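Notes follow the structure.
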Amino acid sequence: MSQTAVARLQNVTKVIGKRTIIDRVSFEVRPGEVFGFLGPNGSGKTTTIRMIVGLMGLTDGDIYIGEHSIRKDFPKAIVQVGAIVENPEMYKFLTGYQNLLHYARMNPSITKGRIQEVIELVGLQGRIHDKVKKYSLGMRQRLGVAQAIMHRPKLLVLDEPTNGLDPAGIRELRDYLRRLAQDEGTAVLVSSHLLSEMELMCDRVAILQKGQIIDIRSIRGEAENQGTALDEVLFEVDHPDAALGILAGQGEGRIADGFLTLSADRKGIADLNRKLVEAGINVYGIRVKTKSLEDQFLEMTGSETIG
Amino acid sequence: MKRLGNFMKLIQNENMKIYLRLRTWIMLGFIVLLPPFLSLAFYLAGGENMSGWSMVLIESRILFFLITIFTVVVAADSVAGEFTWGTIKLLLIRPWSRSTILLSKYLSTMLFALFFTVVAFIMTLLANLVVFGFSTDANLAAGMTDVAYIWKFYLMEFVTLIIIVTFGFTMSSAFRSGGLAIGLSIFFLFAGNLITGLFALANKAWVKYVLFMHLDLTSYINGGNGPIPNYPTTLGFSLAVLAVYFVIFNVVSWTVFRKRDVAA
Ligand SMILES: Nc1ncnc2c1ncn2[C@@H]1O[C@H](COP(=O)(O)OP(=O)(O)OP(=O)(O)O)[C@@H](O)[C@H]1O
Ligand SMILES: [Mg+2]
């Protein structure tokens with residue numbers, strides 16, 4: 001257990017009634033990393049996040065932010081956290097600015113200048129003095145991000161933050177979160193069931209199913225694996241059947257959709273290609289089909305129904 | 001001192017959420033306009049010989065009724081509203097304990113009641129000074145000037161208001177439903193009189209400890225034996241009973257608010 005973790009969950013368990021909703025969940029989020037929290041509907045992402053920010057009590061286990069326990073030392077722990085839990089609900093009868101002012105007043109470290117800075121950062125300067133009831137969902141999401149980062153938290157927790165954002169907004173948020181992690185060393189925890197999105201934004205992902213963590217894996221570490229990992233390789237050739245015969249004994253080959261399909265690493269691809277060419281087969285194209293996180297995720301959680 | 005200054009910012013926040021709503025200003029409009037309206041209407045209806053003090057008393061009774069309802073509405077929104085709106089999730093993830101946040105809500109609700117009561121006091125005096133004048137004595141109570149009577153009336157009524165609003169605040173915190181909190185408090189306000197009448201018939205000593213029996217303290221002003229006909233009580237006794245209920249209500253509010261999971 002490293003001392004440098006910003007957030008540390010230890011055997012976090014939540015029982016409501018007789019149901020164990022979260023079951024001994026443990027993980028840590030390190031400074032400067034974007035940590036993804038991935039799981040199908042009802043797997044317990046929001047419940048875990050509610051416990052991290054102290055909205056729900058823990059049945060068992062503990063959560064530390066820095067060295068402060070959220071159970072025993074709430075104000076000191078939470079002051080280092082910024083969060084949006086589910087939808088960014090704001091006071092609709094107040095303006096965007098008044099909403100920010102409201103939360104800023106609760107934390108003496110936030111200056112007026114800082115409020116202005118975050119307004120510009122989330123691109124709301126044109127509409128900040130409008131009442132929130134006139135905001136679109138995306139604008140409220142931006143306001144939600146603004147209140148979460150105002151006090152420069154060490155840990156930023158966002159529950160499905162791309163909800164309601166347009167593609168440009170999603171991209172902007174993704175870039176911003178990556179920059180926040182890299183430049184300021186903020187630890188970012190994002191939950192999502194949009195897998196492709198997690199691949200683009202996270203360094204590590206924990207996969208949650210039925211309240212249990214079934215896997216934690218690196219995503220950005222992929223580059224290290226390059227060269228050894230076996231990927232699906234598709235060869236587009238003029239005579240797939242003949243080609244399959246030539247490559248017999250080179251691993252499990254098959255023909256799918258007119259393509260010759262094999263598993264191979266980088267070096268293997270070059271070898272296979274040479275063999276085909278030397279045998280007089282015309283190779284029109286080679287395509288490597290990397291297994292996306294989505295495939296792996298579905299493989300792991302199965303075509304499981306909600307729960 | 002620094003902490004107190006920071007706590008004042010929480011009160012400032014709660015005030016912002018009360019006074020930046022149109023609703024609040026409509027409520028204030030009622031309190032401001034009702035006394036001149038009633039005084040003028042009564043004057044024009046042939047009551048030009050009315051003593052200003054009597055009219056102050058009548059209008060103040062009505063206004064206390066209104067202020068109690070208005071404050072209960074504010075109390076209901078103050079806690080239950082945050083749950084309904086979902087804003088509680090952003091409010092509670094700040095470096096403040098839940099108890100302190102609830103205290104800022106309770107105090108700002110009481111400040112609202114105090115503000116409205118002061119406005120009501122000033123408006124009834126002003127309106128009746130202009131319309132009827134205070135030259136004739138209304139003899140509201142024997143052995144006491146009218147001014148002294150009105151003054152005590154406001155004190156007694158404000159105590160009752162605090163109890164009912166505290167009850168509303170507790171309902172708001174316990175059930176997280178503003179409508180239920182408002183409904184039960186208004187029932188409380190009305191049922192007080194009915195239940196007092198009913199229990200007064202019962203010849204049991206425990207009637208003295210029923211909260212409803214002590215919601216009208218004005219009978220003590222001119223040295224009466226209290227609100228329960230069969231069982232004479234003193235003002236001190238009534239206040240002690242109210243204090244016990246006051247503590248119970250607040251213990252419930254704080255316990256529930258501190259402990260409960262926020263799953264809204
Ligand atoms: N207050 C509650 N009482 C009882 N059960 C609850 C409560 N809140 C959540 N649950 C249950 O806990 C489980 C996890 O819910 P949670 O909202 O954490 O899932 P989630 O991963 O955030 O799902 P989604 O992707 O739909 O947002 C669900 O089965 C849900 O029914
Ligand atoms: Mg969720």
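As the structure is a prediction and not an experimental result, all values here were calculated from the model. The analysis underlying the following values was restricted to heavy atoms, covering all of them including side chains, and did not include hydrogens, waters or symmetry mates. Protein chains get the first letters and strands the later ones, always in sequence-line order, with residue 1 at the start of each.
Heavy-atom distances place both the backbone and the side chain of B/Gln12 under 4.5 Å from chain A. With a threshold of 4.5 angstrom between heavy atoms, B/Leu10 approaches chain A through side-chain atoms but not through N, CA, C or O. Only the backbone of A/Asn87 comes within contact range of chain B, with heavy atoms under 4.5 Å apart. If you measure heavy-atom distances from A/Phe74 to chain B, the contacts under 4.5 Å come from the side chain alone. Neither the backbone nor the side chain of B/Leu22 comes within contact range of chain A; no heavy atoms are under 4.5 Å apart. For chain B, the nearby part of A/Lys14 is the side chain; its heavy atoms alone come within less than 4.5 Å. Both the backbone and the side chain of A/Gln147 come within contact range of chain B, each with at least one heavy atom under 4.5 Å from a heavy atom of that chain.
With chain B as the partner, the residue from A/Asn99, A/Val85, A/Ile84 showing the most heavy-atom pairs under 4.5 Å is A/Val85. With chain B as the partner, the residue from A/Asn107, A/Ile16, A/Leu94 showing the most heavy-atom pairs under 4.5 Å is A/Leu94. Your options are B/Arg94, B/Lys259, B/Lys9, and the one with the most heavy-atom pairs under 4.5 Å with chain A is B/Arg94. Chain A forms the most heavy-atom pairs under 4.5 Å with one residue out of B/Leu20, B/Leu90, B/Leu92, and that residue is B/Leu90. Of the listed residues (A/Arg105, A/His151, A/Gln80), the one with the most heavy-atom contacts under 4.5 Å to chain B is A/Arg105. Considering only heavy-atom pairs separated by less than 4.5 Å from chain B, the leading option among A/Met51, A/Gln98, A/Glu89, A/Met90 is A/Glu89.
Using a 4.0 Å cut-off between a side-chain N of Lys or Arg and a carboxylate O of Asp or Glu, A/Glu86 and A/Arg50 qualify as a salt bridge. Under a 4.0 Å N-O distance rule, the pair A/Asp62/A/Lys72 qualifies as a salt bridge.
Other residues, nucleotides and ligands place more than 12 heavy atoms under 6.0 Å from the CZ atom of B/Phe158. Other residues, nucleotides and ligands contribute over 12 non-hydrogen atoms within 6.0 Å of the NZ atom of B/Lys17. No more than 12 heavy atoms of other residues, nucleotides or ligands lie within 6.0 Å of CZ in B/Phe37, so this atom counts as exposed by the packing criterion.
Residue B/Phe212 is tested with B/Phe190, B/Phe188, B/Phe187, B/Tyr245 for a ring-ring contact (aromatic ring centres under 6.0 Å, His included); the sole match is B/Phe188. The salt bridge (charged side-chain N to carboxylate O under 4.0 Å, His left out) test with B/Asp77 is passed by exactly one of B/Arg176, B/Lys105, B/Arg23: B/Arg23.
Remark: side-chain polar atoms of B/Ser39 are not paired, donor with acceptor, to backbone N or O of B/Pro36 under 3.5 angstrom.
By the 6.0 Å and 45° rule, A/Arg140 does not stack over the aromatic ring of A/Tyr135.
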